[in-house]
Asker: 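Input: one structure, supplied below.
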Amino acid sequence: MDILLTGGAGFVGSAVAARLVEAGHRVRVLDALLPAVHGGSGRPPALPAGVEFCRGDVRDPAAVERALDGVTTVCHQAAMVGLGVDLDDAPEYASCNDLGTAVLLAAMARRKVRDLVLAGSMVVYGEGRYTCAEHGEVAPGPRRVADLEAGRFEPPCPVCGAPLRPGLVGEDAPADPRNVYAVTKLAQEHLAAAWARACGGRVVTLRYHNVYGPGMPRDTPYAGVASLFRSALARGEAPRVFEDGGQRRDFVHVDDVARANLAALLAVPGRPEGAARVYNVGSAEPHTVGEMAVALAEATGGPLPVVTGEFRLGDVRHVTADSARLRQELGWRPLVGFADGMAEFATAPQRAAVRA
């Protein structure tokens, strides 16, 4: 298979590139090496032998046209990730994620490249799945600043105000994006589905849960929480855990995410024309953010985490994946458990600090 891998120099992208080469595929990487991810050196990254590297931005039609030459399949990882700093980031999120995806899809239509694997995100769900003892499955309302300031972090039933029980969220759950990044990731999915219908393409979207592992960037506000904790420990500081540390997440190792991409790339040519299929990619081992911080601290011998009570309004309380569809339809399953993965990540190399 001749694959264009956008964002292939990034944290997840580079792991996907290694897995694809190992499986015998020909890979071309298109990456803009944006300073927010790669620092300011502008040097191409170390990629597996045989990978062709093209520096270019998915928002640049000419760069995308060149990168698509001779390609049969696209694996689209390029995106601006994370919750961001504030709303001043909104134009860049929309540009990188949505304009970039639109430019790529338009070029694919012209080139008659019909197979796409898209890196999605669990953030499109907003809050996860909740059940009220009296009212059954319910969707919590927006989080209120007054509640968060008072330490009331658990969302109540929107009907009766009773406590809710969190559960696993499936792919058919309604989307409810609650921050700018989430909105742009959902828009990517809609753009890809519209492209598939319009030109007879096939798209598989992988909604990643909280990806962690070797090679995560350090010292950047756009990294995931695992990277922020790991960076603090590397500086000899205690990880700062927001809220009360009880937020439930599904931490999935980057190697397992790379294997999910390989499975999706092998499956997408067999999908019907115009089809769009979504899969959660999670570990099936929900853990709290506090548990993850403790695991990293203990593995490094560093200071134990400090629970601060701070919060970010755009965060959600609980969101954990049901990945049964991916297991059943594509034969994928996670191989790296939480304890082993965190122990490895605690001392694994990180990407160089990002400079402004």
Side-chain angles (χ1 to χ4, degrees), residues 1-8 10 12-13 16 20 25 27-32 54 56-81 93-125 171-172 174-175 177 180-208 260-281 325-326 329-330:
M1 194 180 293
D2 293 288
I3 301 168
L4 173 62
L5 176 60
T6 71
V12 174
V16 173
L20 296 182
H25 300 289
V27 179
R28 178 182 296 145
V29 163
L30 177 67
D31 200 299
C54 299
D57 197 309
V58 290
R59 294 169 289 187
D60 178 357
V64 173
E65 287 279 358
R66 289 192 298 270
L68 283 170
D69 190 36
V71 163
T72 60
T73 307
V74 173
C75 184
H76 184 31
Q77 304 288 324
M80 185 174 177
V81 301
Y93 273 108
S95 177
C96 288
N97 297 355
D98 300 337
L99 175 60
T101 299
V103 169
L104 173 66
L105 293 172
M108 290 175 66
R110 289 191 297 271
R111 288 281 186 146
K112 295 182 170 52
V113 178
R114 296 293 184 257
D115 294 336
L116 172 67
V117 172
L118 173 66
S121 175
M122 56 83 184
V123 294
V124 303
Y125 297 119
E171 291 90 346
D172 294 330
V180 168
Y181 171 56
V183 170
T184 65
K185 294 304 290 183
L186 184 58
Q188 281 186 309
E189 292 192 24
H190 289 317
L191 285 166
W195 161 83
R197 287 191 294 268
C199 68
R202 295 169 286 259
V203 57
V204 169
T205 297
L206 300 175
R207 287 177 178 165
Y208 304 159
N261 275 273
L262 175 59
L265 285 161
L266 294 175
V268 70
R271 302 285 301 161
E273 291 186 0
R277 189 66 164 161
V278 174
Y279 297 95
N280 285 333
V281 183
R325 178 186 290 181
L326 183 59
E329 295 187 7
L330 301 190

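Atoms considered below: every heavy atom in the structure, side chains included; atoms not considered: hydrogens, waters and symmetry mates. Numbers here are sequence positions counted from 1.
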Asker: If you round to the nearest 0.5 Å, how far is CG of L116 from CG of L105?
Answerer: 6.5 Å

Asker: Looking only at non-hydrogen atoms, find the nearest pair between R202 and A196 and report the distance.
Answerer: N-CB, 4.4 Å

Asker: If every non-hydrogen atom of L118 is compared with every non-hydrogen atom of A192, which pair is closest and at what distance?
Answerer: CD2-CB, 4.1 Å

Asker: Do you know the tightest heavy-atom contact between V64 and A107?
Answerer: CG1-CB, 3.6 Å

Asker: Any donor and acceptor pair, going by atom type alone, linking the side chain of T6 with main-chain N or O of A78 inside 3.5 Å?
Answerer: yes

Asker: Under the criterion side chain to side chain contact (heavy atoms under 4.5 Å, CB included), which of V16, V204, L20, V281 is the partner of N261?
Answerer: V16

Asker: Heavy-atom distance under 4.5 Å between the side chains of R207 and K185, does that happen here?
Answerer: no

Asker: Are R277 and T205 close enough that a side-chain donor and a side-chain acceptor fall under 3.5 Å?
Answerer: no

Asker: Quick one: does M108's side chain get under 4.5 Å of V71's, heavy atoms only?
Answerer: no

Asker: Strictly by modelled atom types, are Y208 and Q77 linked by a side-chain donor-acceptor pair under 3.5 Å?
Answerer: yes

Asker: Treating N97 as the side-chain partner and T184 as the backbone partner, does any N or O pair qualify as donor plus acceptor under 3.5 Å?
Answerer: no

Asker: Rounded to the nearest 0.5 Å, what separation is found between the NE2 atom of H25 and the CG atom of L5?
Answerer: 12.0 Å

Asker: Could you tell me whether the side chains of E329 and Y279 share a donor-acceptor contact shorter than 3.5 Å?
Answerer: yes

Asker: I need the R66 CZ to L30 CG distance, nearest 0.5 Å.
Answerer: 9.0 Å

Asker: Given L186, which of L191, V124, D98 fulfils the side chain to side chain contact (heavy atoms under 4.5 Å, CB included) condition?
Answerer: V124

Asker: Roughly how far, to the nearest 0.5 Å, is CG of D69 from SG of C54?
Answerer: 10.0 Å

Asker: State, to 0.1 Å, how close G8 and D31 come at their nearest heavy-atom pair, and which atoms those are.
Answerer: N-OD2, 3.5 Å

Asker: Quick check: do V103 and D60 have side-chain heavy atoms less than 4.5 Å from each other?
Answerer: no

Asker: Rounded to the nearest 0.5 Å, how far does CG of L266 lie from CG of D115?
Answerer: 11.0 Å

Asker: Determine yes or no for a side-chain-to-main-chain donor-acceptor pair under 3.5 angstrom, with Y93 supplying the side chain and V81 the backbone.
Answerer: yes

Asker: Identify the heavy atoms of S95 and R59 that sit nearest to each other, and give their distance.
Answerer: OG-NH1, 2.9 Å

Asker: First locate atom CG of L206, then atom NE2 of H76, and finally report the distance between them rounded to the nearest 0.5 Å.
Answerer: 13.0 Å

Asker: Can a donor-acceptor pair be found, under 3.5 Å and without considering hydrogens, that links the side chain of T72 to the backbone of D2?
Answerer: yes

Asker: Could you tell me whether E65 and R111 make a salt bridge, using a distance below 4.0 angstrom between a side-chain N and a carboxylate O?
Answerer: yes

Asker: Do V58 and T101 touch side chain to side chain, with heavy atoms closer than 4.5 Å?
Answerer: no

Asker: Can you tell if the side chain of C75 reaches within under 4.5 Å of the side chain of L265, non-hydrogen atoms only?
Answerer: yes

Asker: With heavy-atom distances below 4.5 Å as the criterion, would you say the side chains of T73 and V113 are in contact?
Answerer: no

Asker: Does any non-hydrogen side-chain atom of N280 lie less than 4.5 Å from one of R325?
Answerer: no

Asker: Decide yes or no for Y181 and S121: does some side-chain heavy atom of the first lie under 4.5 Å from some side-chain heavy atom of the second?
Answerer: yes

Asker: Kindly say whether A67 contributes a backbone atom to a donor-acceptor pair with the side chain of R28 at under 3.5 angstrom?
Answerer: yes

